[in-house]
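Quick note: residue numbers are just sequence positions, from 1.
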Amino acid sequence: MDTEKKQSELDKRYIRMASIWAENSYCQRRKVGALIVKDKMIISDGYNGTPSGFENVCEDENNLTKPYVLHAEANAITKIARSNNSSDGATMYVTASPCIECAKLIIQAGIKRVVYSEHYRLEDGIELLKRAGVEVIYTELDETAPNK
């Protein structure tokens, strides 16, 4: 099997895993999951939610996201900071395309590839990643993938 096809299958597998991880989110409006993978090892994970010690409620009484809710990408990147791992040269798998704020964190964390499966309404995060030389790949979420 050629390397490109193998990488594509790996990307689809990790994006399915990120999708499952998103189910941990307490957010009602949108559940997002992220994994950071380096050398075929998951070195961090995250989902959108409130900071540690806060109640697990993401939306206010008007169903708007509370301003202190962390995005999945930010949760995964900040977890790296508390570990002995380095995200330099890693790939991030995230179920929704990163916003501009998360794109800045991704660039600063040294992540070289971002694979996502759902387009966010704004494309400025994707544009910033490309401008910074980060490889950005869209792949459809295939939830019915066969076990091999």
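Side-chain contact check for Met17 versus Asp45: every heavy-atom pair is 4.5 Å or farther apart. Counting heavy atoms from C-beta outward, Leu141 and Ile15 have side chains that approach closer than 4.5 Å. Looking only at side-chain heavy atoms (C-beta outward), Tyr14 and Ile42 come within less than 4.5 Å of each other. At a threshold of 4.5 Å between non-hydrogen side-chain atoms, the residues Asp11 and Arg113 count as touching. Here the side chains of Ile43 and Ile80 are in contact, with some heavy-atom distance below 4.5 Å. A heavy-atom distance below 4.5 Å is not found between the side chains of Val32 and His71.
Here Thr3 contributes atom OG1 and Gln7 contributes atom CD; the two are 9.0 Å apart, rounded to the nearest 0.5 Å. Of the inter-residue distances, the one linking Thr91 atom OG1 with Lys40 atom NZ reads 11.5 Å to the nearest 0.5 angstrom. Note that OG of Ser8 is 10.5 Å distant from CZ of Arg13, once rounded to the nearest 0.5 Å. Annotation: the span from Leu35 atom CG to Arg16 atom CZ amounts to 12.0 Å, rounded to 0.5 Å.
When every heavy atom of Arg30 is checked against every heavy atom of Tyr120, the shortest pair comes out as NH1-CD1, 3.0 Å. Here the closest non-hydrogen pair linking Gly49 and Cys58 is CA-SG, 4.0 Å. When all heavy atoms of Asn75 and Gly46 are compared, the closest pair comes out as CB-CA, 4.1 Å. For the residue pair Pro98 and Ile106, the shortest heavy atom distance occurs at CG-CD1, 3.8 Å. Closest non-hydrogen pair, Ile111 versus Ala90, comes out as CG2-O, 3.4 Å. Closest of all the heavy-atom pairs between Ala109 and Ser87 is O-OG, 2.7 Å.
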Would Glu9 and Lys6 satisfy salt bridge (Lys or Arg N to Asp or Glu O under 4.0 Å), going step by step from the backbone distance to the final call? CA-CA 5 Å; Glu9 282 187 11; Lys6 211 177 224 175; over 6 Å; no
Pair Ile100, Leu122 - check side-chain contact (heavy atoms from CB on, under 4.5 Å), show working. CA-CA 9 Å; Ile100 190 108; Leu122 300 173; over 6 Å; no
Between Lys12 and Thr139, is a side chain to side chain donor-acceptor pair (under 3.5 Å) present by the stated rule, with each step listed? CA-CA 7 Å; Lys12 286 183 183 299; Thr139 186; 2.9 Å; yes
Step by step, work out the salt bridge (Lys or Arg N to Asp or Glu O under 4.0 Å) result for Arg131 and Glu127. CA-CA 6 Å; Arg131 186 172 161 201; Glu127 294 309 314; over 6 Å; no
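By the rule that hydrophobic residues join a cluster once side-chain heavy atoms approach within less than 4.5 Å of another member, Tyr138 and Val37 end up as members of separate clusters. Hydrophobic clustering, with ILVMFWY side chains joined whenever heavy atoms are under 4.5 angstrom apart, groups Tyr116 together with Met92.
Heavy atoms of other residues, nucleotides or ligands lying less than 6.0 angstrom from CD of Gln108 number 12 at most. Environment of CG in Asn62: crowded, with over 12 heavy atoms of neighbouring residues, nucleotides or ligands closer than 6.0 Å.
For Lys31 (side chain) and Cys27 (main-chain N/O), a donor-acceptor pair under 3.5 Å exists by modelled atom type. With hydrogens and angles disregarded, no donor-acceptor distance shorter than 3.5 Å links the side chain of Tyr93 to the backbone of Ser19. Of the possible polar contacts, one joining the Lys38 side chain to the Ser86 backbone as a donor-acceptor pair under 3.5 Å is found. Side chain of Asn48 to backbone of Val69: no donor-acceptor contact under 3.5 angstrom is found. With Ser117 contributing its side chain and Thr95 its backbone, the two residues share a donor-acceptor pair below 3.5 Å.
By the 4.5 Å side-chain criterion applied to Ile, Leu, Val, Met, Phe, Trp and Tyr, Tyr68 is assigned to a cluster that also includes Phe54. Tyr47 belongs to a hydrophobic cluster whose remaining members, ordered by chain and number, are Trp21; membership requires side-chain heavy atoms of ILVMFWY residues under 4.5 Å apart, directly or through intermediates.
Counting only residues at least two apart or on different chains, the salt bridge (charged side-chain N to carboxylate O under 4.0 Å, His left out) pairs with a member in residues 59-76 are Glu55-Lys66.
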